[in-house]
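Contents: one structure, followed by commentary.
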Amino acid sequence: MSIVTVQLGQCGNQIGFEVFDALFNDSHCPGGLCSKRENEAYQASCKERFFSEEENGVPVARAVLVDMERKVISQTLSKAARSGRWKYGQHSCFCQKQGSGNNWAYGYSVHGPRHKESIMNLIQKEVEKCDSLSGFFIIMSMAGGTGSGLGAFVTQNLQDQYSSALKMNHIIWPYGTGEVIVQNYNSILTLSHLYRSSDALLVHENDAVHKICAKLMNIKQISFCDINQVLAHQLGSVFQPTYSREGSFHYRRNPLGDLMENLVPHPEFKMLGVRNIPQMSENSLAYSTFTWAGLLKHLRQMLISNAKMEEGIDWQVRPPLSGLPPLGKMSVNKETHFNTSIANLVILRGKDVHSADVGHHRALKRVLCAEHLKIQLSILPG
Amino acid sequence: MGRRRRRQPDPADAARALPEAIAALSRTLPAAPSPEIFRRAKFDRPEAAPALWRLLFHVLSPLSADSASVSFTLVDGPPELASPIAEAQVRWVKSVLHSQGYPRLALVQLQDDGSQGGRELLLALAWLLARGPLPERLLTQSHVRLGDEMPVCECEALASPGPPAPRVEAEGSVDIRHLQWLMGKLQLRWRNLMAGQQEQCALLGKIHSYTRGCHSDRSLGHLSVTETELLRDPEGGRQLLQRLETENARLEAALEWRHRELVFWRWMDTVLDTCPLEASPPTFLPRIPEPGAGAAGLPVRELQALQEELQALQEELRKAVEARRAAWQAAVGGHGPEWRAARRALQVAVAQDLAALQWAWEQGKGQARPHGPRRLVRTEARVPGRLGLWATEATEALRAREACLEAMLHQLQGQCRQELARLVGVRPGLIWVPPPAR
């Protein structure tokens with residue numbers, strides 16, 4: 001089943017490009033641990049999900065690019081075309097000239113209704129190319145005007161027009177010390193609208209990813225490109241093909257469906273986050289060894305102590321004993337650092353993945369596995 | 001030309017006829033025991049009971065999707081080694097037989113652990129066999145299908161519900177958020193199912209159009225998924241062949257059974273004879289002869305005393321029942337106009353339902369309602385063939401059914417809303433905040 005991505009605004013388009021790039025490179029990288037037949041099955045599954053086939057054989061990303069300025073979109077298109085390995089559709093983008101000026105209302109109430117038909121037509125064309133639609137990704141930032149305002153508008157329209165398809169909004173949480181003055185207003189307005197029309201909100205925090213780049217990846221001058229690449233890597237490790245623990249004959253066909261069924265069935269709890277382990281630069285990879293037990297232990301503590309990355313985990317935090325604490329005994333001053341997520345999904349990728357024992361970790365529930373490619377563990381707390 | 005001497009029937013043949021008939025029956029039913037078990041059941045031997053409970057369970061339950069999992073082989077080993085049947089399954093068999101109208105009370109009175117009652121079970125099996133073409137029906141259900149099939153009606157699914165799922169009782173109070181979670185999960189699973197089915201349809205369409213012209217049968221024209229897999233994967237082909245051979249064996253056994261079944265029925269008569277008579281509840285008092293004189297008079301006088309006592313007891317019982325009934329009617333009728341209004345509303349609703357049913361039946365009277373699963377064939381022919389059905393007709397029938405169900409859903413939702421409104425009215429001062437609609 002296929003996923004159609006809607007990239008909105010500068011942030012959305014830049015991240016979208018990195019995501020497709022990461023997905024494509026991952027599914028086509030040579031070597032790896034599996035037989036040729038399995039590799040081909042993996043490639044085919046990934047390709048069907050995110051790319052469509054064109055006559056000359058170059059895969060075309062199933063994406064619609066929307067921005068109110070020309071610059072970013074043309075940069076994105078040319079970067080993709082330059083690689084020669086995959087590209088965006090020529091007619092899959094929509095841009096205007098004047099921008100949104102970081103104004104949520106301008107994006108939602110002016111650009112939205114004015115360009116609704118063109119944008120929805122583009123999406124419709126992309127949907128028709130799919131054999132079957134699993135759902136939509138909508139990548140947007142909350143600080144700016146286009147991503148936030150127009151994103152909320154587009155999501156609402158998708159809800160009206162494709163009510164049976166699943167929608168996951170990828171929201172970029174701005175820096176705490178961000179430079180857009182009105183980012184708080186934009187964020188609140190976006191979240192309140194999205195909560196009604198979206199099925200799941202996957203939040204990526206700029207601050208957290210920045211720290212990962214600085215501390216784990218040892219990048220000196222961190223640019224948005226680095227941040228986007230880390231983000232794309234996280235997304236790829238979640239949405240690349242997997243099979244379930246019980247049956248490893250075929251790849252699961254509906255990744256969005258599986259994820260949503262396990263994490264966001266309740267209409268009031270829709271926010272998700274991703275945690276990956278291990279994350280490091282390519283250079284350090286040669287000097288490290290990993291075991292499933294060690295990785296799982298770290299991941300579990302990351303989850304419990306609400307840490308966003310592998311370093312600086314607070315090992316003192318323990319999960320509370322079962323049952324609610326008696327009323328009145330909790331001191332108001334003491335901050336509970338315990339993570340209050342409701343549901344979790346673990347995705348394991350790597351060698352000997354079946355030997356990984358997730359069973360006795362009470363906090364980790366449903367598990368999806370894949371034997372492919374890089375060793376990665378991701379966990380999404382709901 | 002000499003006259004052909006008629007061959008005398010060989011008595012050995014007669015002795016063999018019954019076990020062969022039962023063996024044929026066993027070969028065509030799923031999970032059937034050997035003829036020896038049948039013989040032991042006639043004499044109510046304990047070892048026969050579990051095997052026959054199992055047989056009845058398999059015969060009555062709707063066939064699971066994986067017909068290969070149901071064992072068709074005879075249980076050759078000693079029956080004690082076969083796995084014991086669960087209590088829930090025994091109770092389920094009893095309830096299904098009762099709902100189908102099985103008359104003998106002795107079956108219901110058998111113990112739930114499945115350890116006794118071989119003879120009664122034999123009678124139940126014979127009753128099922130006599131009512132309708134049981135082996136043929138089972139064979140149709142487990143028939144190996146080569147085409148891509150789609151059901152056009154729900155009759156099969158509705159007629160035979162499977163064993164009930166184990167009930168989970170909620171302990172203490174239930175967290176409404178947990179219920180919402182489960183409800184949401186169900187809805188999402190439903191949506192995933194729908195999406196999966198749509199994908200299946202799209203892919204089926206592709207396979208059908210790609211394999212056009214490949215089928216040897218011209219009227220079909222293209223391959224189905226099973227047939228395509230057959231070409232791609234020889235191992236799968238071997239398994240399919242095995243299933244077809246098994247089905248063949250069962251069909252042959254069914255034919256043989258039909259030839260030989262007379263012997264079985266004659267034998268079942270003898271089984272019925274060995275059963276004790278069913279005790280019927282006394283509907284009248286036994287007639288006591290006139291009291292005679294002399295020594296015979298004493299027990300007769302005692303009998304008379306007993307008769308009077310019985311009459312007195314019956315009178316007392318009747319009075320008690322009447323008192324109870326009057327009290328109930330008073331309690332119910334005590335609501336007065338409210339109760340009468342409710343009753344009238346109920347009568348009106350029932351009359352409406354009946355009228356709607358009648359109208360719906362009259363609408364559909366002209367067309368033959370399509371039934372049963374059908375093979376999907378993509379064709380450009382003008383005429384659908386003898387047993388064919390256009391997809392448009394099938395979708396129309398399904399849409400009509402959908403409209404009926406939607407109407408029912410709206411009615412039930414209205415009832416729920418009324419009930420909620422009533423509850424809201426009962427507790428003034430509460431603010432009800434419903435969750436956001438999805």
Side-chain angles (χ1 to χ4, degrees), chain A residues 1-4 37 44-45 48-49 127-136 159-160 162-168 191-200 244 249-270 323-324 341-343 345 365-366 382, chain B residues 65-66 68-69 148 150 171-211 225-226 228-229 232-236 239 376 378 402 406 409 431-438:
Chain A
M1 290 206 214
S2 317
I3 297 178
V4 171
R37 187 170 166 181
S45 177
E48 194 225 343
R49 214 172 271 183
V127 169
E128 279 165 10
K129 282 198 234 163
C130 304
D131 266 339
S132 64
L133 184 67
S134 168
F136 295 98
Q159 168 83 325
D160 294 331
Y162 303 96
S163 44
S164 58
L166 299 167
K167 290 165 289 297
M168 174 175 272
L191 281 174
S192 78
H193 276 80
L194 284 183
Y195 230 85
R196 262 178 275 156
S197 40
S198 179
D199 293 314
S244 65
F249 303 117
H250 300 289
Y251 286 114
R252 306 223 23 121
R253 300 203 58 84
N254 193 352
L256 263 187
D258 288 336
L259 198 144
M260 297 225 186
E261 180 192 320
N262 286 299
L263 293 178
V264 288
H266 199 288
E268 288 170 28
F269 300 107
K270 289 185 186 171
L324 297 165
S341 63
I342 298 178
L345 180 70
K365 283 198 185 149
R366 183 90 194 274
Chain B
D66 179 11
S69 68
D148 300 316
M150 188 197 93
E171 297 145 4
S173 60
V174 175
D175 190 349
I176 191 83
R177 288 172 303 180
H178 185 55
L179 279 179
Q180 281 178 311
W181 181 272
L182 292 173
M183 191 70 191
K185 205 162 181 180
L186 192 63
Q187 282 174 336
L188 279 170
R189 271 213 192 153
W190 185 252
R191 274 163 87 171
N192 291 343
L193 181 65
M194 294 277 102
Q197 280 191 334
Q198 279 183 331
E199 190 185 19
Q200 191 193 29
C201 286
L203 293 174
L204 269 181
K206 269 192 166 170
I207 291 181
H208 289 186
S209 62
Y210 287 173
T211 58
V225 172
T226 321
T228 315
E229 277 300 306
R232 270 170 27 130
D233 175 26
E235 178 54 38
Q239 285 176 0
L376 291 169
R378 190 193 183 100
E402 185 190 6
E406 278 222 37
L409 177 67
I431 302 179
W432 296 74
V433 182
R438 209 167 236 281

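Here is how names work: the chains are called A, B, and so on, in the same order as the sequence lines, proteins then strands, and each is numbered from 1. None of the values given here were measured: they were computed from a predicted structure.
Under the side chain to side chain donor-acceptor pair (under 3.5 Å) criterion, B:E235 pairs with B:R238, sequence neighbours left out. Under the side chain to side chain donor-acceptor pair (under 3.5 Å) criterion, A:S2 pairs with no residue, sequence neighbours left out.
Listed here is the closest heavy atom pair of B:N192 and A:D258: ND2-N, 4.2 Å. Taking both residues in full, the closest heavy atoms of B:L188 and A:E261 are given as CD1-CA, 3.8 Å, listed atom of the first, atom of the second, then distance. Taking all atoms of both residues into account, the shortest heavy-atom contact from B:A195 to A:N254 is CB-ND2, 4.4 Å. A pairwise comparison of heavy atoms in B:W181 and A:A343 identifies CH2-CB, 3.7 Å as the closest pair.
When the heavy atoms of residues 203-210 of chain B are compared with those of chain A, the residues falling under 4.5 Å are B:L203, B:K206, listed by number.
Looking at A:L256, there are no atoms closer than 4.5 Å to chain B (heavy atoms on both sides), in backbone or side chain. Proximity to chain B is absent for every atom of A:S134, based on heavy atoms less than 4.5 angstrom apart.
Atom CZ in B:R189 sits 7.5 Å away from atom CG in A:N262 (nearest 0.5 Å). Annotation: the span from B:R191 atom CZ to A:M260 atom CE amounts to 8.0 Å, rounded to 0.5 Å.
Other residues, nucleotides and ligands place no more than 12 heavy atoms under 6.0 Å from the CE atom of B:M183.
Applying the salt bridge (charged side-chain N to carboxylate O under 4.0 Å, His left out) test to pairs two or more places apart or on separate chains, those with a residue in residues 193-203 of chain B are A:R253-B:E199.
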